[in-house]
Amino acid sequence: MVYFWAALTVILVIVEALTVQLVTVWFAVGSLAAVIASLAGANTVWQCVIFVAVSLLALILTRPYVKKAILKKAVPTNADRCIGKEAIVTETIDNRAGCGQVKIGGIIWTARSEDDSVIECDEVVLVKKIEGVKVIVEKIKTEAKV
């Protein structure tokens, strides 16, 4: 069994090295513990129990720290400041025709309506979200200030 656990440890370490996420590192630690148990003379049942127990313990103890290190906080961009702002339609927005532009703070953006409605030129709209390089807008009932 020493060779089995040693081979499993090597395989798991190789798989871990080839993957981007931490997937098998905890099981590699467990199989290393099983190698030690096997060398110490533990029977096969105890080796399996040690493998499972150490793998779970390693997972439980290190997973919160690993998740915190891996998760990246989204850094807002300047474009995110457009969300919730009013804009003036400079080219009629028609999702079916694939056309439409708005002006937000002096910058022209390609725009699409949120509810697929056609919004005429010079209407005032509210920027709801940004998808790629397009702003998604909804019509506001007030008149444009030109």
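Residue numbers start at 1 and run along the sequence shown.
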task: Can you spot which of Leu59, Leu61, Val54 makes a side chain to side chain contact (heavy atoms under 4.5 Å, CB included) with Leu57?
output: Leu61
query: What salt bridge (charged side-chain N to carboxylate O under 4.0 Å, His left out) pairs are there with at least one residue in residues 129-140, not counting sequence neighbours?
result: Glu123-Lys139, Lys128-Glu138, Lys129-Glu131
query: Between CD1 of Ile107 and SG of Cys82, what distance do you get to the nearest 0.5 Å?
result: 6.5 Å
Give every donor-acceptor pair under 3.5 Å between a side-chain atom in residues 7-20 and any protein atom, sequence neighbours left out.
{"from": "Thr9", "atom 1": "OG1", "to": "Trp5", "atom 2": "O", "distance (Å)": "2.8"}
{"from": "Thr9", "atom 1": "OG1", "to": "Ser31", "atom 2": "OG", "distance (Å)": "2.7"}
{"from": "Thr9", "atom 1": "OG1", "to": "Leu32", "atom 2": "N", "distance (Å)": "3.4"}
{"from": "Glu16", "atom 1": "OE1", "to": "Val23", "atom 2": "N", "distance (Å)": "2.9"}
{"from": "Glu16", "atom 1": "OE1", "to": "Thr24", "atom 2": "N", "distance (Å)": "2.6"}
{"from": "Glu16", "atom 1": "OE1", "to": "Thr24", "atom 2": "OG1", "distance (Å)": "3.2"}
{"from": "Glu16", "atom 1": "OE1", "to": "Val25", "atom 2": "N", "distance (Å)": "2.9"}
{"from": "Glu16", "atom 1": "OE2", "to": "Val23", "atom 2": "N", "distance (Å)": "3.4"}
{"from": "Thr19", "atom 1": "OG1", "to": "Val15", "atom 2": "O", "distance (Å)": "3.3"}
{"from": "Thr19", "atom 1": "OG1", "to": "Glu16", "atom 2": "O", "distance (Å)": "3.2"}
{"from": "Thr19", "atom 1": "OG1", "to": "Gln21", "atom 2": "O", "distance (Å)": "3.0"}

message: In the structure I gave you, are the side-chain heavy atoms of Trp109 and Ile130 within less than 4.5 Å of one another anywhere?
response: yes
task: Check whether any side-chain heavy atom of Thr90 lies under 4.5 Å from a side-chain heavy atom of Ile108, and answer yes or no.
output: yes
field: Backbone of Val118 reached by a side-chain donor or acceptor of Arg96 within 3.5 Å
entry: no
message: Do Val137 and Leu126 have side chains that approach each other closer than 4.5 Å (heavy atoms only, starting at C-beta)?
response: no
task: Report the C-alpha separation of Gln47 and Phe4 in whole Å, then their side-chain angles, then the decisive distance to 0.1 Å, and conclude whether the side-chain contact (heavy atoms from CB on, under 4.5 Å) test is met.
output: CA-CA 11 Å; Gln47 292 172 32; Phe4 169 77; over 6 Å; no
query: Donor-acceptor pair, Glu91 side chain versus Gly100 backbone, under 3.5 Å?
result: yes
query: For Val124 and Glu86, which heavy atoms make the closest approach, and how far apart are they?
result: CG1-OE1, 3.8 Å
- line: Distance col, row Ile93:CD1 vs Glu114:CD, nearest 0.5 angstrom, shows 11.5 Å
statement: Nearest heavy-atom approach of Ala87 to Val127 is CB-CG2, 4.3 Å
task: Kindly indicate, with the supporting measurements, whether the criterion side-chain contact (heavy atoms from CB on, under 4.5 Å) is fulfilled by Val135 and Val102.
output: CA-CA 8 Å; Val135 292; Val102 296; 3.6 Å; yes
field: All salt bridge (charged side-chain N to carboxylate O under 4.0 Å, His left out) counterparts of Lys85, not counting sequence neighbours
entry: none
- request: Provide the closest heavy-atom pair for Ala37 versus Ile50 in the form atom of the first, atom of the second, distance.
  value: CB-CD1, 3.5 Å
- prompt: Where the side chain of Ser55 meets the backbone of Phe51, is there a donor-acceptor pair that is under 3.5 Å apart?
  reply: yes
Hydrophobic cluster identity match, Leu39 and Met1, side-chain contacts under 4.5 Å: yes
query: Where do Asp94 and Thr92 land on the side chain to side chain donor-acceptor pair (under 3.5 Å) test, with the steps shown first?
result: CA-CA 6 Å; Asp94 185 350; Thr92 299; over 6 Å; no
field: Evaluation steps, side-chain contact (heavy atoms from CB on, under 4.5 Å), between Ile119 and Val125
entry: CA-CA 9 Å; Ile119 304 173; Val125 293; 3.8 Å; yes
